[in-house]
Each structure stands twice: as structure tokens, then as C-alpha cells.
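All remarks here apply to the structure that follows.
Side chains included, hydrogens not; waters and symmetry mates left out as well; all remaining heavy atoms used. All of these numbers come straight from a predicted model, not from anything done at the bench. Starting from 1, each residue takes its place in the sequence as its number.
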Amino acid sequence: YPFELCVHQRDGACRYLEESGRGIYDENGQLHLITGVALDVTARHAAEREARARIEQFRILAENIPGIAYLCKNDERYTRLYVSENVEKLLGIPAADFRDDRVSFVDLYHPDNASSIAPLVDAAIARQAPFHLRYRLRHADGHWVWVEEYGQGVYDERGELRFLEGCIFDISTQREAEEALLRSNEELERLVNLRTQELRTAN
């Protein structure tokens, strides 16, 4: 019979205990003893309260951000505790699919970008510094979307990492303009080199 209960200490603070046990019956089927164990789960309750409060903060913030606001774990899948509804506009995938871990951003990384993302995030976390990333994500219809991500770690009073939080913005149009400018510069350089070679030949 697992259940949780709050035990008040002398100072009035509450410690949460998770208790489980079973009954021991005699030969007549009458309850004779109850045995069990109680585990202190106060830290887990505190972490859950913190997560709920952080998610509520993000929900309010996300309503005013044109990009995607997120709160996630620092695990292999960057499991989303919260992701704003704008993710469906950007990637064509409902936010609930990310929150229920049916799909992860890791699943959508472009192969050319996938291997560099985690090391950059880990390096920033090691310094307790923000991170800034540019990479591609696969849209539900298969095309690639360039995004820019700004994130940081959320730490407890002991300096231990609790979550990652941040925002992701669509920069596809900006990236296309940058690539077009790069192609123009390359073409201009090619023409200049060709003209220079022609002049040398003529001379």
C-alpha cells in the first residue's frame, strides 16, 4: 500500500515520507502485523514544485515570444518539461508530442549539425555560461529549418544543474540571405580573378 504523508518537524517544516508495506495475517486470516518502510522524498517534492513553478513562468513568458521557449532536462534527448505552442508553427509538430516525449529535438537534428550541439552545450554548462547555437531541424514535411538557439543552465543553491532553459528562433530567411551574399562574393571574386588573368595574358 504505497502512499505519501507529510510529517511536521518541531520547527513547523514539513518532510514528505513515502511509505509502503504489507499486512501479516494469522492462520485465521486476521491481520496480525503491518510491516513496511518509509523513505524521505522531501527533496523530490521540492524538485517537483520547482519544476512546476518554472514551467508556469515559461508558459507566461512564451505567450510574448515569437520563437520557441523551452525548459528541458540535461539528458541525451534534452527531454522537454515544457515547450511553447509556437513549435508547431516552426516545425509542424504539436507541442504535446515533445512534452510527452513522443519526439525529441535530438531526433530532428540535421546530420551535419548533430555531433557538434551537445559538446557546445556541455562546454557552456561546465563554465556555467550561456550557450548560443545555430543548426538545422527537420520540419514535419521533410524540409530543413535553420534555427538560432539561446540557452543557459538553471542551477540550485549548491551550484548543481537542475534544468536547461532557452529560446529557439527561425533564421531560415536570414540564412538564405547570408548564403546568397556568400555566393555573390564568390562569383565576384571568380570574375575578378578571371579578368586579372586576361589582363596578364594580354600584357
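Remark: side-chain polar atoms of Thr79 are not paired, donor with acceptor, to backbone N or O of Lys73 under 3.5 angstrom. Using a distance-only test at 3.5 Å, with no hydrogens or angles considered, no donor-acceptor pair links the side chain of Asp100 to the main chain of Arg102. For the pair Asn74 (side chain) and Tyr78 (backbone), a donor-acceptor distance under 3.5 Å is absent.
Within the 4.5 Å cutoff, no side-chain heavy atoms of His110 are placed close to those of Arg138. Residues Phe105 and Arg80 have side chains in contact (heavy-atom distance under 4.5 Å, counting atoms from C-beta outward). At a threshold of 4.5 Å between non-hydrogen side-chain atoms, the residues Leu81 and Phe163 count as touching. At a threshold of 4.5 Å between non-hydrogen side-chain atoms, the residues Leu164 and Gln152 do not count as touching.
Judged as a side-chain contact (heavy atoms from CB on, under 4.5 Å), and not counting sequence neighbours, the contacts of Gln197 are Arg200, Thr201. Listed by chain and residue number, Tyr70, Phe131, Leu133, Tyr135, Ile168 satisfy the side-chain contact (heavy atoms from CB on, under 4.5 Å) test with Glu149 (two or more places apart in sequence, or in another chain). Residues satisfying the side-chain contact (heavy atoms from CB on, under 4.5 Å) test with His139, not counting sequence neighbours, are Asp141, His143, Val145. Under the ring-ring contact (aromatic ring centres under 6.0 Å, His included) criterion, Phe169 pairs with no residue, sequence neighbours left out. The side-chain contact (heavy atoms from CB on, under 4.5 Å) search around Val103 returns Ile93, Asp97, Phe98, Asp107, Leu108, not counting sequence neighbours.
Contact record, Gly92 with Ala140: O-CB, 3.5 Å, taken as the closest heavy-atom pair. The two atoms that bring Pro130 and Ala124 nearest to each other are O-CB, 3.7 Å, heavy atoms only. In terms of heavy-atom proximity, Gln128 sits nearest to Gly159 at NE2-O, 3.3 Å.
Within the model, atoms CZ of Arg77 and SG of Cys72 stand 12.0 Å from one another, a figure rounded to the nearest 0.5 Å. Expressed to the nearest 0.5 Å, how far SG of Cys167 lies from CD of Glu148 amounts to 11.5 Å.
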Val106 vs Glu76, side chain to side chain contact (heavy atoms under 4.5 Å, CB included): CA-CA, chis, key distance, verdict:
CA-CA 8 Å; Val106 173; Glu76 292 183 356; over 6 Å; no

For Leu161 and Val154, what are the C-alpha separation, side-chain angles and deciding distance, and is it a side chain to side chain contact (heavy atoms under 4.5 Å, CB included)?
CA-CA 6 Å; Leu161 181 67; Val154 178; 5.7 Å; no

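A donor-acceptor contact closer than 3.5 angstrom is absent between the side chains of Asn86 and Ser84.
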Which donor-acceptor pairs under 3.5 Å do the side chains of residues 112-122 make with protein atoms, sequence neighbours left out?
from, atom 1, to, atom 2, distance (Å)
Asn113, OD1, Arg136, N, 3.0
Asn113, OD1, Arg136, NE, 3.1
Ser116, OG, Asn113, O, 2.9

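Checked for salt-bridge contact, Asp156 and Arg158 meet the test: a charged N lies under 4.0 Å from a carboxylate O.
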